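Everything below concerns the one structure shown next.
Just so you know, these numbers come straight off a predicted model, no measurement behind them. Lettering follows sequence order; numbering is per chain, from 1.
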Amino acid sequence: MAEKITEQLKILKRGTVEVFTEAELAEKLTEAQKVGRQLRIKLGLDPTSPDIHLGHTVVLRKMRQFQDLGHKAVLIIGDYTARVGDPSGQNSTRPILSPEQIKQNAETYFAQAGKILDTSSKKLEVCYNSEWLAELTLMEVIQLAAKKTIAQMIQRDSFKLRLEKGIDVYTHEFLYPLMQGYDSVAIKSDVELGGTDQTFNNLVGRDIQKAYGQPQQIVITMPILVGLDGTEKMSKSKGNYIGVTDEPNDMFGKVMSISDEMMENYFTLLTDLPAERIAELTDASKTHPKEAKVLLGKTIVAQFYDERAADAAAAHFDQVFAQKQLPDDIPEFELPAEPLSVKQLLLACKLVSTGGEAKRMCAQSAVAIDGKKITDPNVQITPKSGMTLQVGKRKFAKIKLSN
RNA sequence: GGGUCGGUGCCCGAGAGGCUAAAGGGGAUGGGCUGUAAACCCAUUGGCGUAAGCCUACGUUGGUUCGAAUCCAACCCGGCCCA
């Protein structure tokens, strides 16, 4: 804790995109250390979807570093915001959640975030922004809105972009940054963390705090983690994510599927390895890319499980994909010993979701039963105990007879 | 409020009465090559049916026609222009 300020700054700056401003951060850290005060580090959460993925962990990991340096994480659950329905994204038909739903999501979120954060009450504080936002009168809202001009608002690129493209921007959307900014006032935040997509909102927080006569928070932005497809932001709705609750085998496999170019980014944002080591690992002349990726996969799995699970996942991967053998843990399905078509069989074992897909998979020689390729979806098969089915490279099922 | 243009499959986008389950991309999936990397090549991409075929689908609801994504009407939603 008594580490030098320069040392602390180095840790805190790692992986960030921008710090507004570094000088202020150094100042706050120094002051905090001198009087023994915990800085209040704000992070706003959207409780609309409870499951968190590695994209969220980039910011959470930064939060953890602050905690480890003795500061307090203040998580704000945007329950009030969520109730209005956040229109800022592509997804305009987001369901409006009930208070119970939000509470439940928040709990799930904590359980998952707890894998990264220090959850002791000394280091973590949680609040719901309805606590103060629901109290505001219209007059107070108007006064809040009077702090920013329209010209300032449309600086935000998501607004600008949509206006240029002729996509709707609703009036109340302008209130979102203001509400979030007001959150900073309510909790007296010293530092706010967020992805670069939150830069505008978080900076508004500075202005609002100033307008309300408070010291301004420092804003630290973290990169948006690219998803598995290598181009888009990691997100649940795009399906290009690694969830923190993914099974070790899955987690490892997903890491293995990222492109070589993305490794450096993942190493930097998702592990604590020093920059020099990362440079070695991502230099193909020094480390074979595949080896580096295995290490990345193991490191990530170990973070959420443990070393043993990480090794097991790597071994499983090697067994199934490198040596193309059957995995050890194949889901079992109970079936009676009555003949049925391959199509029905695949459906029954949930290896395909429609009969058409079953036909296609057969036609494309992706289907094997006990290691033998099946190309006719109408062949009659009598289930036998221990019979194994495979569709594609990674979908397996084992049959168990029911009596 | 007026004018005008538009709403097509997961997404973008063509189609302007039958040849349309609907061109072409993108994405996704399967196969090949590999390191479940990239690049590249091939294939598939509404549901049911062994099949013939049937059903559902071009904003919504009605209508005209032997036949409509395509024509007409009303309505809903949006862009742009005018007030």
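Residue contacts shown for K343(A) are limited to sugar-phosphate atoms, with no base heavy atom under 4.0 Å away. Note on G253(A): a base of the nucleic acid sits closer than 4.0 angstrom, heavy atoms only. In this structure, Q380(A) reaches neither bases nor backbone, as no heavy-atom distance under 4.0 Å exists between it and the strands shown.
K395(A) has its NZ atom 10 Å from the P atom of U29(B), to the nearest Å. Going from atom NE2 of H288(A) over to atom P of U34(B) covers 13 Å, rounded to whole Å. Between the CG atom of N378(A) and the P atom of G49(B) there is a distance of 10 Å, given to the nearest Å. Atoms CG (L296(A)) and C1' (A37(B)) sit 12 Å apart, rounded to a whole Å. One atom, CG of N240(A), and another, C1' of C10(B), lie 15 Å apart when rounded to the nearest Å. The distance from atom CD of E357(A) to atom P of U44(B) is 16 Å, rounded to the nearest whole Å. Following rounding to the nearest Å, K324(A) (NZ) and C33(B) (P) show an atom-to-atom distance of 8 Å. One interatomic measurement links the two molecules: NZ of K290(A) to P of A37(B), which rounds to 10 Å at whole-angstrom precision.
G67(B) and U44(B) are spaced 34 Å apart, taking the P atom of each and rounding to whole Å. For G47(B) and G15(B), the C1' atoms lie 24 Å apart once the distance is rounded to whole Å. Taking the P atom of each, U8(B) and U60(B) are spaced 10 Å apart, rounded to whole Å. Comparing the same atom, P, in C10(B) and in A57(B) gives a spacing of 13 Å after rounding to whole Å. G18(B) and C71(B) have their C1' atoms separated by 14 Å, with the value rounded to a whole Å. Straight-line distance between the P atoms of A69(B) and A16(B): roughly 14 Å, to the nearest whole Å. G9(B) sits 15 Å from U61(B) when the P atoms are compared, rounded to a whole Å. A distance of about 40 Å separates the P atoms of C75(B) and G25(B), rounded to the whole Å.
Searching all strands for a Watson-Crick or G-U wobble partner of U4(B) with both distances below 3.5 Å returns G79(B). Within the shown strands, nothing qualifies as a pairing partner of A37(B) under the Watson-Crick or G-U definition with both distances less than 3.5 Å. Base pairing of A22(B): no nucleotide in any strand meets the Watson-Crick or G-U wobble criterion (both distances under 3.5 Å). Both distances falling under 3.5 Å, in either a Watson-Crick or a G-U wobble arrangement, occur for no nucleotide opposite G9(B). Pair assignment for G17(B): none, as no Watson-Crick or G-U wobble contacts are both less than 3.5 Å. Summarising the base pairing, A73(B) is matched to U61(B) through a Watson-Crick or G-U wobble pair whose two defining distances lie under 3.5 Å.
In this structure, F317(A) and F252(A) have perpendicular ring planes: the angle between them is above 60°, well past the 30° mark.
Between the side chain of K393(A) and the base of G31(B), no donor-acceptor pair under 3.5 Å is found. Within 3.5 Å, no donor on the side chain of D229(A) pairs with an acceptor on the base of G27(B), nor the reverse.
Candidate nucleotides U36(B), A51(B), G31(B) were compared by shortest atom distance to the side chain of K359(A), and A51(B) ranks first. Of all nucleotides listed (U36(B), A37(B), G30(B)), U36(B) comes nearest to the side chain of F317(A). Among the nucleotides G47(B), G49(B), G35(B), the one closest to any side-chain atom of T354(A) is G47(B). The side chain of R360(A) lies closest to G47(B), out of G47(B), G49(B), U36(B). For S259(A), the listed nucleotide lying nearest its side chain is A37(B); candidates were A43(B), A37(B), U36(B). Nearest nucleotide to the side chain of D260(A), out of G31(B), G35(B), U36(B): G35(B). Of all nucleotides listed (U36(B), G30(B), U50(B)), U36(B) comes nearest to the side chain of A322(A).
In this structure, K103(A) places its NZ atom where only 12 or fewer heavy-atom neighbours from other residues, nucleotides or ligands lie under 6.0 Å away.
Dashed line: the shortest gap from a side-chain N or O of Q344(A) to OP1 or OP2 of C48(B) is not under 4.0 Å.
Ion pairing between K28(A) and E24(A) fails under the 4.0 Å rule for side-chain N and carboxylate O. A salt bridge links K293(A) with D260(A): the distance from a Lys NZ or Arg NE/NH1/NH2 to an Asp or Glu carboxylate oxygen falls below 4.0 Å. A salt bridge does not link K384(A) to D370(A): none of the charged nitrogens lies less than 4.0 Å from a carboxylate oxygen. Using a 4.0 Å cut-off between a side-chain N of Lys or Arg and a carboxylate O of Asp or Glu, R40(A) and E125(A) qualify as a salt bridge. Between R37(A) and D190(A) there is a salt bridge, since a side-chain N of the basic residue sits under 4.0 Å from a carboxylate O of the acidic one.
Residues S353(A) and N249(A) each lie close to RNA chain B; by heavy-atom proximity, the contact nearer the 5' end of the strand is made by N249(A). Each of E261(A) and S365(A) was assigned the nucleotide of RNA chain B with the nearest heavy atom; the assignment lying further toward the 5' end belongs to S365(A).
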Please assess E280(A) against R277(A) for the test salt bridge (charged side-chain N to carboxylate O under 4.0 Å, His left out), listing each intermediate value before the final yes or no. CA-CA 5 Å; E280(A) 260 171 44; R277(A) 177 85 179 107; 3.3 Å; yes
